[in-house]
Amino acid sequence: MQYEILSRPAASAAKLTLDAGESVTCEVGAMIAMSAGFTVETTSRKKGGGGGLIKGLKRILAGENLFLNHFTATAPNQTLIIGPGLLGDIIHHPMKGGTVVVQGSSWLASGIGIDIDATWQGLGKALFSGERMFWVKCSGSGDLFLNSFGAIYPVDVAGEYVVDTGHIVAFEDTLQFHIGKASKSLVGSFLGGEGLVCKFSGQGRLYCQTHNPPNFGKLLGPKLKPR
Amino acid sequence: MTGEATFPGGVFSERIDDGRAGAEIELSVAGVRARTPDGAEFLLPYAECRLEIGGASGRMIFCRNRDRSLTIFCEERTFADALSRASGGLLSESLGELLAARRRESRRGWWIAASLALGIAALLVAGFWGVRVAARAAVHAMPVALDEKIGELALKSMDLGGPEVHDPLVVGALQAIVDRLAPHAAVSGLEFRLRVVDAPIVNAFALPGGPIVVYTGLIGKAAGAEEVAGVIGHEMAHVTARHGLERIADSVGIVTAVQILVGDTQGLVAFGAELFTLASVNSYSRRQEMAADEEAVRMLHAAGIDPAGLARFFEVLDREQGDLPSAVSWISTHPQNQARIAQIRGRLAALGEPSYQPLAVDWAEVRRRAAGGGQVE
């Protein structure tokens, strides 16, 4: 499978080119356009079995869909264009074993060698990280496509790194994070507008997004005219 | 000795493109060995191993060399024990420290979560009771017109259990008692309208706002007009102390309680009317009964009627109740008769030796007419 990410970072779409017999698993509703030579299969399982209803239900908790769409090319050189629901960026993360923990709704597509599951990150993170209660856990090998709100930037953390709540897209499971105050005093943290932050430690790659959907919603919502 | 089992994990090294890859980990004699799917091999001798614990799960073990150019990591639960054994005890101490620190951290997390949950539960319970207590206090600030509305609605839909007595001798005798007591009521402007109902039950009750119902069965049990005056005084005291509204506020759900606090009385009226229509009208609390007794003694004394009648009536009923408790409705739901008699007698002693005017009622005639169904002859 070859990929190209178009019109980054504001209104990205991923153009995937697949050879006959190659498959890719996408988020429901992600397909924008495709060549005629694809078969589309919708299941709650991973392509080729594995997973099933329980994993599907866990994905719902993590903000994804019960169902997965599997696109399989039936002819050479077939193109599939996929994109996220919100305006934003797409990034390709090559997986060679290991696990990436993805913020709910940031998973866009992955190769069939990657297993999609949900994981619980603990009560503190569930309440205060600005993300969902459950996270999507992608493990295995292959191509992983993530989407964001705003632009995505990768950070290779070695040691410590601080991200504001709501700005995490994904991180490798070799990284640990906990919720902490932005500055030394709690009052200062809130007066400074930062409040709580996510403090990462360890070694691994972290993807952050430049904007966060809840803040955008809060900003825009009151200005919308009632219909 | 060759290595034991293999574990799924990963490796960080500059020798790999992108710096990271998944790997199969083997604990060999020489050290921790990692093999990536591309076939690259890495070896970290036990003696050079620096251990760390972390990762998203918090239990991933990282084995690093001194300059951190090579890191082999694994999250398997059995990895720590296997590593400790394979290293011949070389890494046991530092592993033990790491795991103990992790346990401490996780215990701390649980404590925080547990205290948070307890705090939230305590707040919910306190909020629930706070609203109930506040609603109970708030009903006293509401206009008495509300009591009247509830009483009127309840009376309309209530089954009184017998025909109303219209004999002016019977009704007039009791209304005269009400009229003597009314000017001494703690709340002015209430209309205490008395109804006599012909039924062989020893009962009397008042509804919020003033309607009073006395049964002919109770008249038959009273030896004198002062005893019935005591009962009427007691019921009027429930009305003026607004015990009915208090009882409603105690029984309403949390939603109506919140409505009461924000001044919305619709739910209160609807619920109150239903409560007094369906439930026993005499289910007041012990505190409310004692308060009504005390207030009755005060009113009777102020009106110049001997309050001892109330205590005497209690004594009569107490004896009757011993034989057949369910027959005496007025007292069967009233707790601790002896304590109440003692309280009334105590109040009377404190009042000294006042001169009371006997009620100008031919009680024997009232009883006879009431026993006959109170029909006008």
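Here is the naming used below: chain letters follow the sequence lines, and residue numbers restart at 1 for every chain. Note that the structure is a prediction, hence the values are computed from the model and not measured.
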Legend entry - Residues in residues 57-79 of chain B near chain A [non-hydrogen atoms, under 4.5 Å]: G58(B), M60(B), F62(B), R64(B), T71(B), F73(B), E75(B)
Legend entry - Euclidean distance, D143(A) CG relative to S110(A) OG, rounded to 0.5 Å: 9.0 Å
Legend entry - Pick from M95(A), Q176(A), H178(A) with the largest number of heavy-atom pairs that fall under 4.5 Å of chain B: Q176(A)
Inset, instruction - Determine the interplanar angle of the F171(A) and W135(A) rings, folded into 0 to 90°, and report it as parallel if under 30°, tilted if 30 to 60°, perpendicular if over 60°. - result: perpendicular
Inset, instruction - Please determine, by modelled atom types, if S106(A) and Q103(A) share a side-chain donor-acceptor pair under 3.5 angstrom. - result: yes
Inset, instruction - Using a strict 4.0 Å threshold on nitrogen-to-oxygen distance, state whether E41(B) and R35(B) make a salt bridge. - result: yes
Inset, instruction - Measure centre to centre between the rings of Y207(A) and Y153(A), then say whether the value is under 6.0 Å. - result: no
Inset, instruction - Can you tell which part of I112(B) gets under 4.5 Å to a heavy atom of chain A, answering side chain, backbone, both or neither? - result: neither
Legend entry - Spatial distance of atom CG (L123(B)) from atom CG (L118(B)) [nearest 0.5 Å]: 11.0 Å
Legend entry - Salt bridge present between E152(B) and K149(B) (N-O < 4.0 angstrom): no
Legend entry - Audit row: S23(A), H70(A), side-chain hydrogen bond (donor to acceptor under 3.5 Å, both in side chains) steps and yes/no: CA-CA 7 Å; S23(A) 292; H70(A) 308 290; over 6 Å; no
Inset, instruction - Go through S92(B) and S84(B) one step at a time and tell me if the side-chain hydrogen bond (donor to acceptor under 3.5 Å, both in side chains) criterion holds. - result: CA-CA 5 Å; S92(B) 301; S84(B) 173; 2.8 Å; yes
Inset, instruction - Kindly check if the number of other-residue, nucleotide or ligand heavy atoms within 6.0 Å of NE2 (H211(A)) is above 12? - result: no
Inset, instruction - Tell me, for S139(A) versus chain B, whether the close heavy atoms (under 4.5 Å) come from the side chain, the backbone, both or neither. - result: neither
Legend entry - Ring centroid separation Y3(A) to F145(A) under 6.0 Å: yes
Legend entry - For chain A, which residues of residues 18-25 of chain B have heavy atoms nearer than 4.5 angstrom: D18(B), R20(B), A21(B), G22(B)
Legend entry - Greatest number of heavy atom pairs closer than 4.5 Å to chain B - which of L175(A), D173(A), T99(A): D173(A)
Legend entry - NZ/K199(A): more than 12 non-hydrogen atoms of other groups inside 6.0 Å: yes
Legend entry - Residue part contacting chain B, namely of F200(A), when any heavy atom lies under 4.5 Å: neither
